[in-house]
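Keep in mind that this is a model prediction, so the values were computed, not measured. Per chain, numbering begins at 1; letters A, B, ... match sequence-line order.
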Protein chains: 2
Amino acid sequence: MQIGELARSTGVKIETIRYYEREHLLPVPQRTDGNYRLYSPRHVEQLRFIRYCRSLDMSLEEVRILIEARDAPAGSCRTVNALLDEKMAEVDARVDELRQLQHQLRNLRGLCPQPDEVKTCAILMELNRSARIVKAQI
Amino acid sequence: MQIGELARSTGVKIETIRYYEREHLLPVPQRTDGNYRLYSPRHVEQLRFIRYCRSLDMSLEEVRILIEARDAPAGSCRTVNALLDEKMAEVDARVDELRQLQHQLRNLRGLCPQPDEVKTCAILMELNRSARIVKAQI
DNA sequence: CTTGACCCTGAAGCTACTTCAGGCTTTTCA
DNA sequence: TGAAAAGCCTGAAGTAGCTTCAGGGTCAAG
């Protein structure tokens, strides 16, 4: 299977596949006489594994750790648990952050329901005011 | 006011301040005879404005747009409204995404309450299984 | 035999900074 | 007075996770 077919069958861009190879996330594939990469079903699985982890917001470094854990059948999966716990905490924190952000943006946006002139724009005035207040807090 | 004092009084790193200057987000400051940057209160305000916008998750490009709008007193603030509307939509979408992620991570984590051996680790088995299913969906 | 689809490499670009190397200027203290 | 320390300078490179680009080779079809 050439890189184009792998790309089509996984929905991953060709460049990204080559990038993962450079990053040692995908094993080096065989080559044809014409120097084309040749992939096996094992590559397909690994690539899907990577993308699924990425869809769970894991960094490539974290994916690397998971792959390593997976390939060490004797080890404990404590690492995997810890990684997930950390990730969940991160996501929770980020959600809280974004919720606060939603409130701030909504408040700001509520100041100017109709497009007006900039010199009297309540949003810009508020942005400036808030910036000054942030100063006071620091 | 030298760059160090500006940094201290705004909580922004010196390197970041110089970076904003390179990016034309901060006006070029005066210099002393020894070539040290000299800032005015106007710079302090502008820097705070930038950081406040950044805390609202705006990109530097968006901050640039806001600054431009602010400095064009005759314009309409339609741009500002549109920018905020777009930003709010983005944040809403991201929150939804992260909530789904939370569920997935919790489910995954629930598979292995006690650290076990990798070869029987339910999490890794599930990661592999899910990756295959994602394949089926594509 | 040439066109088009496919593949190759290495380098650079993206965001928003941070870090580093190497070298001035100014202040402080002995 | 002189030297160390603190502060500042520049330009370049590094960070994550790709994407894009330039310039070229390979292969099947017409």
Side-chain angles (χ1 to χ4, degrees), chain A residues 1-26 28-40 43 46-67 83 86-87 90-91 94 97 101, chain B residues 1-26 28-40 43 46-67 83 86-87 90-91 94 97 101:
Chain A
M1 169 189 273
Q2 292 184 181
I3 199 167
E5 199 189 331
L6 178 58
R8 268 190 304 281
S9 73
T10 55
V12 180
K13 286 198 174 182
I14 290 179
E15 294 82 13
T16 307
I17 295 172
R18 287 198 283 245
Y19 171 72
Y20 288 162
E21 184 183 329
R22 274 204 304 287
E23 293 294 310
H24 309 293
L25 284 157
L26 275 179
V28 175
Q30 283 190 278
R31 298 278 182 143
T32 65
D33 290 352
N35 202 30
Y36 287 12
R37 288 172 177 82
L38 273 186
Y39 294 98
S40 70
H43 287 98
Q46 177 94 334
L47 183 51
R48 291 217 166 93
F49 183 84
I50 296 170
R51 299 299 337 210
Y52 183 64
C53 290
R54 294 283 301 128
S55 81
L56 296 177
D57 242 30
M58 303 196 185
S59 69
L60 293 185
E61 190 46 44
E62 289 166 335
V63 177
R64 234 185 294 266
I65 291 168
L66 287 180
I67 290 177
L83 203 155
E86 207 181 312
K87 190 55 52 185
E90 269 174 39
V91 174
R94 185 62 183 148
E97 255 183 58
L101 191 52
Chain B
M1 168 189 272
Q2 292 184 181
I3 199 168
E5 198 189 331
L6 178 60
R8 270 190 302 279
S9 72
T10 56
V12 179
K13 286 198 177 183
I14 289 180
E15 295 80 12
T16 306
I17 295 171
R18 287 198 283 244
Y19 171 72
Y20 287 161
E21 183 183 327
R22 275 203 304 286
E23 293 295 309
H24 307 294
L25 284 158
L26 275 179
V28 176
Q30 284 190 277
R31 298 276 182 144
T32 64
D33 290 352
N35 201 30
Y36 285 13
R37 288 171 177 83
L38 272 187
Y39 294 98
S40 70
H43 287 98
Q46 178 93 334
L47 184 51
R48 291 215 166 94
F49 183 84
I50 296 170
R51 299 297 338 205
Y52 184 63
C53 291
R54 294 285 299 130
S55 80
L56 295 177
D57 243 29
M58 304 194 185
S59 69
L60 292 184
E61 190 47 43
E62 289 167 335
V63 176
R64 236 184 292 267
I65 291 169
L66 286 180
I67 289 176
L83 203 154
E86 207 181 312
K87 188 56 51 183
E90 270 174 40
V91 174
R94 185 62 182 150
E97 257 183 56
L101 192 52

Exercise for the section: From the options dC7(C), dC17(C), dT25(C), select the nucleotide whose nearest atom is closest to the side chain of Y36(B). Expected result: dT25(C)
Exercise for the section: Answer with base, sugar-phosphate or nothing: what part of the nucleic acid does S59(A) contact at a heavy-atom distance below 4.0 Å? Expected result: sugar-phosphate
Handout entry: Heavy-atom side-chain contact between E62(B) and C53(B) under 4.5 Å
Key = no
Exercise for the section: Please report, rounded to the nearest Å, how far the P atom of dC7(C) is from the CE atom of M1(A). Expected result: 11 Å
Exercise for the section: Report which part of the nucleic acid Q2(B) touches: base, sugar-phosphate, or nothing (heavy-atom distance under 4.0 Å, all strands). Expected result: sugar-phosphate
Handout entry: Separation of dC17(C) P from L47(B) CG (nearest whole Å)
Key = 11 Å
Practice task
Mind running a 4.0 Å heavy-atom check of residues 12-21 of chain B against DNA chain D and sending the residues that fall below it, in number order?
Solution key: I14(B), R18(B)
Completion exercise
One should read off an interatomic distance between L26(B) CG and L6(B) CG, to the nearest 0.5 angstrom, of 7.5 Å
Exercise for the section: Ignoring hydrogens and angles, tell me if any N or O in the side chain of R64(B) forms a donor-acceptor pair with the backbone of H24(B) under 3.5 Å. Expected result: no
Practice task
Give a yes or no answer on whether the side chain of K87(B) reaches the backbone of M58(B) with a donor-acceptor pair at less than 3.5 Å.
Solution key: no
Exercise for the section: Can you tell me the distance, in whole Å, between the CD atom of Q30(B) and the P atom of dC8(D)? Expected result: 17 Å
Handout entry: E5(A)/R8(A) ion pair, N-O < 4.0 Å
Key = no
Practice task
Name all residues meeting the side-chain contact (heavy atoms from CB on, under 4.5 Å) criterion together with E86(A); count only those two or more places apart in sequence or in a different chain, and write none if there are none.
Solution key: E90(A)
Problem - Gap between atoms CD and P, on E61(A) and dA16(D) respectively (whole Å) - result: 8 Å
Practice task
Please determine which of Q2(A), Q30(A), R18(A) meets the side-chain contact (heavy atoms from CB on, under 4.5 Å) test together with R37(A).
Solution key: R18(A)
Practice task
Measure the OG1-CG distance between T16(A) and L25(A) for me, rounded to the nearest 0.5 Å.
Solution key: 12.0 Å
Exercise for the section: Round to the nearest Å and state the distance from R31(A) atom CZ to dC6(C) atom P. Expected result: 18 Å
Problem - Length of the CG-C1' vector between L26(A) and dC18(D), whole Å - result: 14 Å
Practice task
May I ask you to say what R51(A) touches in the nucleic acid, namely base, sugar-phosphate or nothing, with a heavy-atom cut-off under 4.0 Å?
Solution key: sugar-phosphate
Problem - Reported CD-to-OH distance for the pair Q46(B) and Y39(B), which is rounded to 0.5 angstrom - result: 12.0 Å
Practice task
Tell me which of N35(B) and G34(A) sits closer to the 5' end of DNA chain D, going by the nucleotide each one is nearest to.
Solution key: N35(B)
Practice task
Using atom NE2 of H24(B) as one end and atom P of dT15(C) as the other, report the distance to the nearest whole Å.
Solution key: 14 Å
Problem - Rounded distance (Å) that lies between atom P of dT19(D) and atom CZ of R22(A) - result: 11 Å
Exercise for the section: Would you work out how much the helix from dC1(C)-dG30(D) to dA30(C)-dT1(D) bends between its ends, with each end axis defined by five base pairs, to 10 degrees? Expected result: 30°
